[in-house]
Amino acid sequence: MMKGLKPSAPFLLLLPAIIVLAAVVVVPLILSLYSSFTPFRLTKPETFFVFVGFRNYVAILSNTDFWWAFGRTVLLLTIALNLEMLLGLGLAMLVEKATRGQRLLRTLMMFPMMFSPILVGFQFKFMFNDNIGLVNNALQSLGISQDAIPWLIESHLAFIAISIAEIWSSTAIFAILILAGLLAMPKEPIEAARVDGCTPWQTFRYVTWPFVMPFAYIAMTIRSLDVARAYDIVKIMTDGGPAGRTELLWTLVARTAYSDGRMGAANAMAYFSILLSIAFTVYFFNKLAAARTQIGAEW
């Protein structure tokens with residue numbers, strides 16, 4: 001009987017990794033999910049054992065700050081993904097056309113990805129500084145602006161500055177994946193389009209773009225998860241200010257959890273926010289499947 005229950009060698013080899021994953025992933029997830037159904041406060045540990053059902057989730061629905069943060073996150077996601085895709089597509093096509101130094105260009109294109117989000121936040125916080133920032137000094141030197149522009153103080157300008165930082169740091173993801181698609185693309189359809197008298201735009205629109213579209217959707221799926229949980233850059237550049245006007249979902253979650261000590265409410269916000277990531281992931285995966293189907297039908 002005991003011989004039949006003897007664990008196999010592969011299971012024993014994997015057991016340490018399973019234990020570590022359970023300790024650092026599964027158990028914290030279960031505890032955080034449970035705490036989202038409690039009024040748990042860091043200053044009152046006994047509240048962890050008080051079950052209140054869906055009270056935290058109901059409170060979220062009437063929380064104006066949460067919905068403003070939710071809307072800003074969706075707006076940042078929309079702006080960042082679209083501009084990153086356009087800029088990444090342009091960069092990929094320029095590098096693909098290069099006849100010399102393509103390896104060097106690919107390396108330089110990946111340069112922004114080497115910086116951590118915290119370092120990017122510090123970089124752009126300095127660049128958009130009112131008095132000594134590079135951006136204001138450049139605008140004043142060129143005569144475009146006479147006065148210092150309060151980039152990180154005025155809410156709309158602060159949001160633009162955060163968007164620029166996000167786009168700069170992650171456009172390379174789109175560029176690399178789209179470039180991989182361009183390099184993998186067979187040349188015969190493009191040559192056939194030229195023989196048929198297609199213009200460069202028509203060749204791109206009906207031949208090149210359908211082929212690289214799945215690569216773009218893969219990049220969008222990856223980046224949608226990143227932007228939906230954006231925290232580091234916003235925390236460093238504005239800390240959600242001024243007056244919470246650049247607060248995003250995960251900066252609000254962190255503020256609720258650690259500044260206010262309301263861990264139960266913060267975990268409820270976090271799990272509710274995961275729905276945003278799931279929605280965008282499902283959307284882009286459906287688009288990816290449709291694009292691959294189209295390529296299979298046409299090619």
Side-chain angles (χ1 to χ4, degrees), residues 73-117 120 124 160 162-194 196 198-230 233 276-299:
T73 305
V74 173
L75 180 61
L76 178 64
L77 211 158
T78 304
I79 293 172
L81 288 185
N82 283 284
L83 289 179
E84 285 173 17
M85 186 187 70
L86 290 174
L87 293 172
L89 176 63
L91 278 173
M93 294 188 72
L94 287 173
V95 172
E96 194 265 341
K97 295 293 183 185
T99 56
R100 298 171 65 180
Q102 193 177 98
R103 289 185 179 179
L104 175 62
L105 290 173
R106 288 203 299 263
T107 304
L108 292 175
M109 193 168 60
M110 295 174 63
F111 186 70
M113 295 174 60
M114 300 176 188
F115 292 89
S116 70
V120 172
F124 279 86
I160 291 172
I162 290 170
S163 301
I164 292 172
E166 281 282 350
I167 292 166
W168 180 86
S169 65
S170 300
T171 296
I173 295 175
F174 280 86
I176 291 166
L177 287 171
I178 293 174
L179 179 61
L182 291 172
L183 294 176
M185 182 178 176
K187 303 304 179 185
E188 291 81 2
I190 295 178
E191 293 171 359
R194 288 173 181 165
D196 291 340
C198 292
T199 64
W201 166 249
Q202 289 172 329
T203 303
F204 169 77
R205 172 67 181 83
Y206 297 106
V207 180
T208 304
W209 177 242
F211 187 87
V212 300
M213 197 182 296
F215 297 87
Y217 283 131
I218 292 171
M220 281 192 169
T221 304
I222 296 170
R223 281 295 294 148
S224 66
L225 295 174
D226 284 340
V227 180
R229 56 185 174 82
I233 290 177
L276 175 65
S277 300
I278 293 174
F280 274 93
T281 302
V282 170
Y283 173 77
F284 287 128
F285 265 118
N286 289 336
K287 288 288 188 180
L288 173 60
R292 293 178 67 180
T293 302
Q294 181 181 349
I295 289 178
E298 295 180 356
W299 294 55

Chemist: Find the distance between OG1 (T208) and CD1 (I190) and round it off to the nearest 0.5 Å.
Modeler: 4.0 Å
Chemist: Are E84 and I173 side-chain neighbours, meaning at least one heavy-atom pair lies under 4.5 Å?
Modeler: no
Chemist: Is there side-chain contact between P112 and T171, with at least one heavy-atom pair below 4.5 Å?
Modeler: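 Sidechains of T171 and P112: no contact.
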Chemist: If you count heavy atoms of other groups shown closer than 6.0 angstrom to NZ of K187, is the number above 12?
Modeler: yes
Chemist: When rounded to the nearest 0.5 angstrom, what distance separates CG in L77 from OG in S163?
Modeler: 11.0 Å
Chemist: Any idea how F115 and F111 line up, ring-wise: parallel (<30°), tilted (30 to 60°), or perpendicular (>60°)?
Modeler: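 The arrangement is perpendicular - the two ring planes meet at more than 60°.
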Chemist: Rounded at 0.5 Å granularity, tell me how far CZ in R194 sits from CD in Q202.
Modeler: 13.5 Å
Chemist: CE/M109 to CG/L94 distance, rounded to the nearest 0.5 angstrom?
Modeler: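 The distance works out to 10.0 Å.
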Chemist: When rounded to the nearest 0.5 angstrom, what is the spacing between CD1 in I278 and OG in S224?
Modeler: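 Result: 11.5 Å between the selected atoms.
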Chemist: First locate atom CG of L81, then atom CD1 of I222, and finally report the distance between them rounded to the nearest 0.5 Å.
Modeler: 11.5 Å
Chemist: Is it true that a side-chain atom of S170 and a backbone atom of I167 form a donor plus acceptor pair closer than 3.5 Å?
Modeler: no
Chemist: Find out whether V207 and M185 are in side-chain contact, i.e. whether some heavy atom of one side chain is under 4.5 Å from a heavy atom of the other.
Modeler: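 They are in side-chain contact.
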Chemist: Dump the intermediate steps for side-chain contact (heavy atoms from CB on, under 4.5 Å) on W209 and L89, then the final yes or no.
Modeler: CA-CA 10 Å; W209 177 242; L89 176 63; 4.2 Å; yes
